[in-house]
Amino acid sequence: MTARMASWLPLSPGERAVAIEVLVHGPLSRTELARRLGLSAGSLTRLTKPLIESGLLVETPENGAPPAGRQGRPSQPLDVVADSRFFVGFKVTEDMVYGVVTTLRSDIVARLDRPLTTHDPGRVADLLAAMTGELAAGFPPLGGVGIGVGGLVRERSVVAESPFLHWRDVPLAALVEERTGLPAVVENDVAALVEAETWFGAGRGLDRFVVLTIGAGLGYGLVLGGRRVPCAEEDRGFGRHWIIDPYGPLTPTGERGSAVSLLTIPSIRYQVQAATGRETTYEEILAGAAAGEPMAARVVGEAARALGILVAQIANFVMPQKILLAGEGVGLMDVAGDTVRTTLRAHRHPMAAPVDLEVRVSDFHDWARGAAVLAIQVLVLGAVEA
């Protein structure tokens, strides 16, 4: 099995296009696959033959019983062997590591979480290696490791800057590869989440798609033409300089009325603590707002209006087919979703089409799944950024 998996690489551009189309949209008949890719029957046969021989693709029986009177060779759609190889994905936060194992189609089949008690790069890599070993015991063979980190990542290998981990220029992929013997890729966590949602989630099949995350920070990802738009300034403070209300609240670092100061969990907690003199969790603030507690209701209401304005501005400029709202802060929608939607409509043209806003109640395992999808893209299919 290992030798067959190794024979997947390298894929030619044509083989890669076929493999990705089947992975994301399959099973697909040869006729449909040729139509999607603009290929002749002969070209498609030439490209699919090595993929079938290597075990990446498989011919599957057509669903259902064949219609009466059908003549000739029965249709055999092509699909991937989803459980032929497994991938580990990690989401590294300031104080926890969340790990998952996924199939080739990104279905999560195992989870493992561990506290992060140090930010020393070597010891973090030790922890990731130990968790990989635990996860690997139940799911051989592993195809590789994907790691999502909040911060700026270069060449999918080096954490150039991570404010949560206090890192600069940490070669995390190399450190993990040395300890596990497996290929590893590292990416900004929001970018990884966007890739996963584009291939297998809310953005599947869409040309224009946006992911907006709210939580400890704000994250933004843009998909155009069905591909994520990479940016050299990824995770360099999105929202910190996007001013929603120039007279709005300050963050602890001094920005006034920005999307960050109004929407992130630390800023919301900071506002309530400054007004009441006591520390309160985000969940307690949301519960207080729902119960009509004045200060909590005021802060949550301002956050909801800020979110409505932000989503409207994104929709006005980008014109996406869908916006996915995710992250650990989306509980705001449960308490003040009506305010968000009313504000959103007020900042759109009256005749503009309604914004398709999907709210995803997610946890950090979804972010870890995104990192696993990066490993699938890079390590198996050789897919690279545009």
Side-chain angles (χ1 to χ4, degrees), residues 1-11 15-30 32-33 47-64 75-91 98-113 128-129 131-148 176 180-185 192-193 195-201 204-205 362-383:
M1 178 64 77
T2 302
R4 292 183 70 195
M5 296 308 161
S7 70
W8 291 357
L9 299 174
L11 301 181
E15 292 168 346
R16 183 182 305 122
V18 170
I20 290 173
E21 199 68 25
V22 174
L23 176 64
V24 176
H25 301 288
L28 293 172
S29 70
R30 285 174 167 80
E32 175 63 12
L33 187 55
L47 292 170
T48 56
K49 183 178 179 182
L51 298 176
I52 294 171
E53 290 176 346
S54 69
L56 178 55
L57 299 187
V58 64
E59 294 178 322
T60 63
E62 186 177 27
N63 291 334
S75 172
Q76 290 184 296
L78 294 172
D79 203 357
V80 298
V81 184
D83 60 355
S84 59
R85 179 149 286 201
F86 298 93
F87 297 83
V88 172
F90 291 113
K91 158 68 172 172
Y98 299 86
V100 299
V101 178
T102 78
T103 67
L104 187 56
R105 231 181 211 126
S106 85
D107 295 317
I108 296 176
V109 294
R111 293 172 169 83
L112 180 65
D113 308 334
L128 294 175
M131 292 177 67
T132 299
E134 289 187 62
L135 291 165
F139 299 96
L142 287 182
V145 179
I147 306 163
V176 172
T180 63
L182 292 167
V185 294
L193 180 66
E195 293 284 5
E197 292 296 333
T198 301
W199 274 32
F200 300 110
R204 184 169 172 261
S362 57
D363 60 21
F364 285 121
H365 298 110
D366 294 307
W367 298 76
R369 170 179 171 263
V373 169
L374 256 298
I376 294 169
Q377 290 180 328
V378 175
L379 303 177
V380 176
L381 299 173

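This is a predicted model, so every value here is computed, not measured.
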Listed pairs under 3.5 Å, donor-acceptor, residues 19-28 side chains, sequence neighbours left out:
unit_1 : atom_1 : unit_2 : atom_2 : d
Glu21  : OE2    : Arg36  : NH1    : 2.9

Check whether any side-chain heavy atom of Thr132 sits under 4.5 Å from a side-chain heavy atom of Leu182, and report yes or no.
yes

For Pro77, does its backbone N or O pair with a side-chain atom of Thr60 as donor and acceptor, under 3.5 Å?
yes

Beyond-backbone contact of Val109 with Thr103, side-chain heavy atoms, under 4.5 angstrom
yes

Which atoms form the tightest heavy-atom contact between Gly89 and Ala371, and what is the distance?
CA-CB, 4.2 Å

Could you check whether any side-chain heavy atom of Glu59 comes within less than 4.5 Å of a side-chain heavy atom of Leu78, counting everything from C-beta outward?
yes

State whether the side chain of Arg204 and the backbone N or O of Thr198 hold a donor-acceptor pair below 3.5 Å, judged by distance alone.
no

Quick one, Val176 and Ile147 - any side-chain contact, counting heavy atoms below 4.5 Å?
yes

State, to 0.1 Å, how close Ser106 and Val373 come at their nearest heavy-atom pair, and which atoms those are.
CB-CG2, 3.6 Å

Is Asp83 close to Leu104 at the side-chain level, that is, under 4.5 Å between some pair of heavy atoms?
no

Rounded at 0.5 Å granularity, tell me how far CG in Asp79 sits from CG in Leu56.
10.5 Å

Can you measure from CG (Leu374) to CH2 (Trp199) and round to the nearest 0.5 angstrom?
9.5 Å

Please lay out, stage by stage, how Val58 and Ile52 fare under the test side-chain contact (heavy atoms from CB on, under 4.5 Å).
CA-CA 6 Å; Val58 64; Ile52 294 171; over 6 Å; no

Can you list the residues that meet the side-chain hydrogen bond (donor to acceptor under 3.5 Å, both in side chains) rule with Thr180, with sequence neighbours excluded?
none

Here the pair of heavy atoms bringing Gly370 nearest to Ala196 is CA-CB, 3.7 Å

Working to the nearest 0.5 angstrom, can you tell me the gap between Ile376 CD1 and Arg105 CZ?
10.5 Å

I need the minimum non-hydrogen distance between His365 and Asp363, along with the two atoms involved.
N-OD1, 2.9 Å

How far apart are the closest heavy atoms of Leu142 and Phe87, and which atoms are they?
CD2-N, 4.4 Å

Looking only at heavy atoms, which two atoms of Ala375 and Gly146 are closest? And how far apart?
CB-N, 3.9 Å

Is there a side-chain contact between Val100 and Trp367 (heavy atoms, below 4.5 Å)?
no

Is a donor from one side chain sitting under 3.5 angstrom from an acceptor on the other, for Thr102 and Arg369?
no

Which distance, rounded to the nearest 0.5 Å, do you find between the OG of Ser54 and the NZ of Lys49?
12.5 Å

